[in-house]
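Presented below is the structure to which this report refers.
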Number of protein chains: 2
Amino acid sequence: MNILSRMEELILLSVWKLQGEAYGLQIRTYLSELVEQELSVGAVYVPLKRLKKRGYLSSWDSDPTDERGGRTKRFYKLTEKGVTALQQVKTVQENAWSGLPDLGLGWNPSI
Amino acid sequence: MNILSRMEELILLSVWKLQGEAYGLQIRTYLSELVEQELSVGAVYVPLKRLKKRGYLSSWDSDPTDERGGRTKRFYKLTEKGVTALQQVKTVQENAWSGLPDLGLGWNPSI
DNA sequence: GTATTTGTTCTAAATTTTAAAACTAATATC
DNA sequence: GATATTAGTTTTAAAATTTAGAACAAATAC
């Protein structure tokens with residue numbers, strides 16, 4: 001449909017929200033809380049890569065830290081294109097949710 | 001992710017919005033305008049069926065009308081479950097979009 | 001009858017999602 | 001130093017979803 005999928009939108013928004021801390025595992029933690037459900041690592045890393053390949057995200061690799069297991073992280077940030085895509089999906093979303101009639105339903109034959 | 005996909009959400013919202021006029025082709029027309037892009041018939045009918053099978057929608061078949069080509073239409077309406085799923089996705093959406101920091105970005109190493 | 005219109009069904013290809021195993025590289029502990 | 005543990009990314013294959021469009025059906029129009 002040429003509009004961001006839900007997962008793509010949520011990942012882009014995570015990157016936005018997390019600012020300098022937007023790397024794979026962190027995004028996964030953040031999103032798992034947001035949707036109140038544990039996400040697999042693949043559920044985050046796979047779309048992250050795709051979003052980068054398509055130019056919605058760019059990335060840079062950090063230096064390792066001196067914490068236990070503190071490997072280099074791949075940080076992401078939104079590109080212009082990423083911001084634009086988010087704006088677009090937000091507009092569609094707002095339009096879709098606006099002007100909904102009451103659910104009272106005189107038009108419903110089965111009630 | 002156990003949350004409605006974008007297409008599923010848009011279709012459920014179409015059904016809500018269109019009230020008594022929510023049948024396949026009409027939904028397609030409505031959504032095509034909403035997303036400003038022609039949708040194929042399959043892009044609507046396939047998820048419509050799935051949403052019904054999963055209990056988000058129910059349907060009834062109209063009588064044919066006396067217009068040219070006026071065949072019986074399959075009308076849809078939201079079930080309780082459908083309304084609940086929409087509420088859930090709206091909550092996630094609102095949370096995802098709230099509290100976003102400025103995009104000014106002091107944290108961005110490449111600027 | 002034949003054409004045209006409105007409508008739904010079907011289906012196969014493409015894309016996206018998902019889970020989980022594999023891999024990598026750091027510190028900790030013995 | 002060997003082994004364990006932790007934090008992190010990559011890979012992969014199955015499942016699910018999306019999509020286009022052909023096929024089919026049933027109505028009116030000519």
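Letters A, B, ... mirror the listed sequences (proteins, then strands); counts begin at 1. The shown structure was predicted, so the numbers you read here are calculated from the model rather than taken from an experiment.
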Contacts satisfying side chain to side chain donor-acceptor pair (under 3.5 Å) that involve residues 82-97 of chain B (not counting sequence neighbours) are A/Arg6-B/Gln93, A/Glu9-B/Gln93, A/Glu9-B/Trp97
When every non-hydrogen atom of A/Pro47 is compared with those of A/Gly42, the smallest separation belongs to CD-O, 3.6 Å
Check: Does any N or O in the side chain of B/Lys81 come within less than 3.5 Å of the main-chain N or O of B/Arg54, such that one atom is a donor and the other an acceptor?
Finding: yes
Considering only heavy side-chain atoms of A/Val41, the closest of C/dA21, C/dC10, D/dG8 is C/dA21
When every non-hydrogen atom of A/Leu12 is compared with those of A/Gly82, the smallest separation belongs to CD1-O, 4.1 Å
Pairing string of DNA chain C (Watson-Crick or G-U wobble, both atom distances under 3.5 Å; | = paired to other strand) is ||||||||||||||||||||||||||||||
With hydrophobic residues grouped by side-chain heavy-atom distances under 4.5 Å, do A/Leu48 and A/Leu34 end up in a single group?
yes
Of the listed C/dG7, D/dG21, D/dA7, the closest approach to the B/Ser40 side chain comes from D/dG21
Taking for B/Glu8 and for B/Glu38 the nucleotide of DNA chain D with the nearest heavy atom, the one nearer the 5' end belongs to B/Glu8
Residue pair A/Pro47/A/Thr72 against DNA chain C: nearer the 5' end by closest nucleotide is A/Pro47
Worksheet item: For B/Ser5 and D/dT18, is the shortest distance between a side-chain N/O and OP1 or OP2 below 4.0 Å?
Response: yes
The nucleotide from C/dT17, C/dC10, C/dG7 with an atom nearest the side chain of A/Val46 is C/dT17
Rounded to whole Å, OH of B/Tyr23 lies from P of C/dT6 at a distance of 9 Å
B/Asn2 atom CG is separated from D/dA16 atom P, nearest whole Å, by 13 Å
Of A/Pro64 and A/Met7, the one whose closest nucleotide on DNA chain C sits nearer the 5' end is A/Met7
Here the distance between atom P of D/dT17 and atom CG of B/Leu4, to the nearest Å, is 11 Å
Residues B/Ile11 and B/Ala43: closest non-hydrogen pair is CD1-O, 4.3 Å
Of the candidates D/dT17, C/dT16, D/dT18, the side chain of A/Arg54 sits closest to C/dT16
Taken to the nearest whole Å, CZ/A/Arg74 to C1'/C/dT24 is 13 Å
Taken to the nearest whole Å, CG/B/Asp61 to P/D/dA26 is 12 Å
Can a side chain N or O of A/Arg6 be found less than 4.0 Å away from OP1 or OP2 on C/dT16?
no
In whole angstroms, the gap separating C1' of D/dT18 from CD of B/Glu9 amounts to 16 Å
ask   = With a 4.0 Å cut-off on heavy atoms, is B/Gly42 in touch with a base, just the backbone sugar-phosphate, or nothing at all?
value = base
With the side chain defined as heavy atoms from C-beta on, A/Lys49 is closest, among C/dT17, D/dT11, C/dA26, to D/dT11
B/Ile3 CD1 to C/dT16 P, in whole Å, measures 18 Å
Value for NZ (B/Lys49) from OH (B/Tyr76), rounded to nearest 0.5 Å, stands at 7.5 Å
- Item | Within 6.0 Å of CD in B/Gln37, more than 12 heavy atoms from elsewhere | yes
Side-chain atoms of B/Lys73 come closest, of D/dG8, C/dG7, C/dA26, to C/dG7
- Message: Taking donor-acceptor contacts at under 3.5 Å, does the side chain of B/Arg68 reach the base of D/dA29?
- Response: no
In whole angstroms, the gap separating P of C/dG7 from CG of B/Asp66 amounts to 13 Å
